[in-house]
Participant: 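The structure is given below, and queries will be raised subsequently.
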Amino acid sequence: MIVRVLPEGTIDKEFDYAVPDGWEDRVRVGTMVRVALHGRRVGAWVTAVDVDPRPDIELRPLAKITGWGPPEDLVELARWAAWRWAGRPAAFLRTASPPGAVRALPERPCPAEASPPVGDPLVADALSRPRAVLRLPPGADRYPLVLAAATAPDGDALILCPSVVEAQRLAGRLARAGQPVACVAHDKPGVAAAGEWARAAAGGVTVIGARAGAWAPLPDLGRVVVLDEHDERYQAEQAPTWHARDVACERAGRAGRPCLLVSPCPTLEALEWGELVQPSRGEERRGWPPLEVVDRRHDDPTKGGLFSERLVDLVRGPGRVVCVVNRIGRARLLACATCGAIGRCEVCGASVEQLEIGVLRCRRCGTERPVVCSVCGSTRFRNLRIGVTRAREELEALVGEPVGEVTGTSDAGDPGTRVVVGTEAVLHRVASADAVAFLDIDQELTAARYRAPEQALALLALGARVVRGREEHGRLMVQTRQPDNVVIEAALHADPGRVAAVEAPLREALGLPPYQALALVSGPAAPELIERLGSPLGLRVDGPADGVWRLVAPSHQHLCDALAAVERPAGRLRIELDPLSV
DNA sequence: CGGACAAGCTGA
DNA sequence: CAGCTTGTCCGG
């Protein structure tokens with residue numbers, strides 16, 4: 001027998017090898033092997049079996065069978081993803097492969113007993129549709145939905161969560177309920193990750209995972225559920241910038257299986273893809289906490305800083321309070337206290353920030369200088385935009401007790417303080433609180449990213465989840481100079497559809513995703529790629545701006561076909577499909 | 001990817 | 001022209 005293999009790494013070419021006698025039944029599409037290539041041994045995936053021999057080449061034998069690899073449907077899916085995100089199939093096959101060698105699959109567990117009927121009619125409705133988007137408010141418990149999906153007949157469910165921690169928590173809960181479950185995650189600490197992959201590959205288990213879980217092996221895929229589909233952690237930040245939600249949807253579609261996207265604030269991408277299933281107004285309102293909007297339009301921006309009177313009352317007051325400022329450091333924008341000039345870099349003119357005491361640092365070029373006004377020489381500055389570090393200091397002074405600080409880079413140790421301030425990361429770390437306050441939500445509302453309104457609503461929904469729904473008496477507070485902003489109104493009325501209703505026509509008019517396909521091309525080899533690309537029909541090439549070209553096309557079909565048609569030039573190249581900001 | 005080999009550059 | 005770097009090609 002002759003097989004075709006694709007080597008690991010960046011060799012984007014397939015090679016044929018002979019299968020030694022007696023190995024035939026251990027080799028199938030997806031099997032991981034080692035082969036001699038150009039005097040070296042490299043790992044590879046079998047991509048085709050029973051290949052016709054070529055008379056011109058003397059074939060070498062496979063050197064070794066490493067073990068089980070992605071099943072055939074995922075090898076096909078990897079080819080699709082390579083097209084869809086302009087990457088190499090090997091990158092996706094790596095994600096779809098076990099984190100260590102899998103020699104044998106474990107026994108398939110005995111099937112669990114017959115599934116109980118789904119109690120919640122909303123969940124039953126959502127699970128009964130082939131492509132549904134379920135808008136579930138932040139306070140709603142998703143476990144009944146997960147259990148219903150896990151116990152549904154017709155195959156094993158695949159359930160995705162935005163983070164490995166959430167996936168593990170959910171898998172643990174299902175396992176304790178007696179459900180056979182495998183938690184597939186590549187960066188899962190400690191536990192035998194290859195073992196979990198093997199249990200998934202054996203079948204008969206519900207598979208739960210984070211982003212890479214979209215590539216978990218399931219021999220008998222039933223339904224696919226993506227929880228918090230709006231979460232940006234589903235998208236890989238390195239190229240290829242694939243999105244686990246989109247992979248999951250494509251995978252379910254290819255297998256002819258139902259797929260359900262769940263979110264308190266579904267993205268426009270999700271709404272374009274499937275039918276929206278929403279709770280009654282009353283049910284959705286119960287799932288959002290009341291929102292206290294502190295209108296700061298008439299507050300003097302130079303007085304009180306980030307802390308309005310109502311906010312001071314909140315933090316002084318009983319219960320656990322989480323404050324969110326999505327900025328690290330001490331000061332991200334400063335003005336001279338004497339002459340009022342904005343602190344600027346003397347080299348490039350960009351605004352300077354103060355991350356630590358005594359040093360001003362340029363946000364663009366990184367030049368540092370002492371805290372002296374370059375216009376009038378004064379050494380006193382006003383902090384126009386304070387960050388988490390400074391906010392913590394000021395909060396401590398206000399409440400007269402220690403205040404915790406949590407940012408994405410701070411160590412995981414929980415600050416056991418009553419009041420905690422942090423960036424968005426604090427909402428992922430703190431399990432529950434009596435109140436969540438967004439000190440400067442305007443920063444999110446006015447951010448120069450086209451998804452800013454969706455992201456701001458997602459942030460509010462995350463805060464809402466930490467304090468739970470209306471019946472839990474949690475409090476959600478925002479301080480804003482834009483109390484009429486549709487994002488604030490959506491959270492206030494527990495009606496996320498308001499944001500979509502405003503954003504959809506706007507994005508359509510501006511030619512932004514999901515109504516047009518976008519890609520950014522950068523890196524030393526980018527000019528060569530742009531040159532080779534030419535100007536195919538339907539593709540617009542803008543730029544370069546700061547060395548980045550922007551490709552726009554009416555659909556992914558147009559854009560990805562155009563990219564697939566050109567040969568990738570040598571050298572470093574980053575092709576970012578569906579960028580989160582442009 | 002990484003080894004092989006060719007082409008280009010340098011210094012005596 | 002040896003000795004070195006840089007670039008391109010190719011593998012089964």
Side-chain angles (χ1 to χ4, degrees), chain A residues 1-70 72 74-101 186-187 212 215 236-242 521-534 547 563-577:
Chain A
M1 180 162 72
I2 297 169
V3 292
R4 186 155 293 160
V5 308
L6 177 71
E8 288 178 343
T10 59
I11 307 174
D12 208 7
K13 196 178 164 192
E14 296 179 39
F15 303 90
D16 293 351
Y17 286 83
V19 178
D21 287 342
W23 290 17
E24 289 86 352
D25 55 346
R26 293 162 61 203
V27 175
R28 62 190 74 191
V29 171
T31 301
M32 300 179 75
V33 295
R34 289 191 81 79
V35 295
L37 182 68
H38 214 75
R40 288 167 301 139
R41 271 196 175 191
V42 295
W45 293 274
V46 173
T47 56
V49 295
D50 295 321
V51 177
D52 290 334
R54 289 175 49 169
D56 53 327
I57 312 174
E58 174 86 9
L59 293 186
R60 291 161 168 272
L62 294 178
K64 188 186 168 196
I65 294 178
T66 307
W68 289 78
E72 188 163 7
L74 292 187
V75 176
E76 284 308 306
L77 194 66
R79 289 192 200 281
W80 169 80
W83 167 83
R84 173 65 177 71
W85 286 281
R88 295 187 173 95
F92 297 104
L93 289 175
R94 171 104 313 273
T95 308
S97 299
H186 274 205
D187 46 355
W215 296 95
E237 54 282 334
Q238 291 158 326
T241 53
W242 63 281
V521 180
S522 58
E528 177 64 24
L529 182 94
I530 297 297
E531 165 105 32
R532 291 184 189 184
L533 205 53
L563 283 168
V566 298
E567 203 177 329
R568 207 184 165 93
R572 288 181 57 80
L573 180 67
R574 179 175 160 87
I575 304 178
E576 197 183 344
L577 265 291

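Letters A, B, ... are given to chains in the order of the sequence lines, protein chains preceding strands, and every chain is numbered from 1. Values below: every heavy atom of this structure, side chains too, minus hydrogens, waters and symmetry copies.
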Participant: Among pairs that include at least one residue of residues 16-35 of chain A, which meet salt bridge (Lys or Arg N to Asp or Glu O under 4.0 Å), considering only residues two or more places apart or in two chains?
Facilitator: A:Arg4-A:Asp16

Participant: A:Arg60 side chain to A:Val35 main-chain N or O, any donor-acceptor pair under 3.5 Å?
Facilitator: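 Here the side-chain-to-backbone pair does not exist.
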
Participant: Mind checking side chain to side chain contact (heavy atoms under 4.5 Å, CB included) for A:Ser522 and listing every partner two or more places apart, or none if nothing turns up?
Facilitator: A:Val548, A:Arg574

Participant: For A:Asp12 and C:dG11, what is the distance between atoms CG and P respectively, to the nearest whole Å?
Facilitator: 15 Å

Participant: Quick check: closest heavy atoms across A:Ser97 and A:Trp45, and the distance to 0.1 Å?
Facilitator: OG-NE1, 2.8 Å

Participant: What nucleic acid atoms does A:Arg60 come within less than 4.0 Å of, heavy atoms only: base, sugar-phosphate, or nothing?
Facilitator: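 The answer is sugar-phosphate, as A:Arg60 gets under 4.0 Å only of primed atoms, P, OP1 or OP2.
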
Participant: Determine the contact category for A:Arg54: base if any of its heavy atoms lies under 4.0 Å from a base atom, sugar-phosphate if only primed atoms, P, OP1 or OP2 are that close, otherwise nothing.
Facilitator: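 It contacts base atoms.
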
Participant: Return the value, rounded to whole Å, for the distance between atom CZ of A:Arg41 and atom C1' of C:dG11.
Facilitator: 16 Å

Participant: Please enumerate all protein N or O atoms sitting under 3.5 Å from an N or O of nucleotides 7-10 of chain C, with distances to 0.1 Å.
Facilitator:
none

Participant: Under the salt bridge (Lys or Arg N to Asp or Glu O under 4.0 Å) definition, can you give me all pairs with a residue in residues 40-53 of chain A, not counting sequence neighbours?
Facilitator: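 For residues 40-53 of chain A: none.
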
Participant: How about A:Trp68 and A:Pro98: do any of their side-chain heavy atoms sit closer than 4.5 Å?
Facilitator: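 No, side chains not in contact.
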
Participant: If the condition is salt bridge (charged side-chain N to carboxylate O under 4.0 Å, His left out), which residues does A:Glu237 pass it with, not counting sequence neighbours?
Facilitator: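 Salt bridge (charged side-chain N to carboxylate O under 4.0 Å, His left out) check on A:Glu237 returns A:Arg211.
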
Participant: How close or far is atom C1' of C:dG11 from atom CD1 of A:Ile57, stated in whole angstroms?
Facilitator: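 Rounded to whole Å, this separation is 9 Å.
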
Participant: Ignoring hydrogens, what is the shortest heavy-atom contact between A:Pro240 and A:Phe92? Give both atom names and the distance.
Facilitator: CG-CZ, 3.6 Å

Participant: Quick check for you: name the first and last nucleotides of DNA chain B, 5' to 3', having an atom under 4.0 Å from a heavy atom of chain A.
Facilitator: B:dC1 to B:dG3

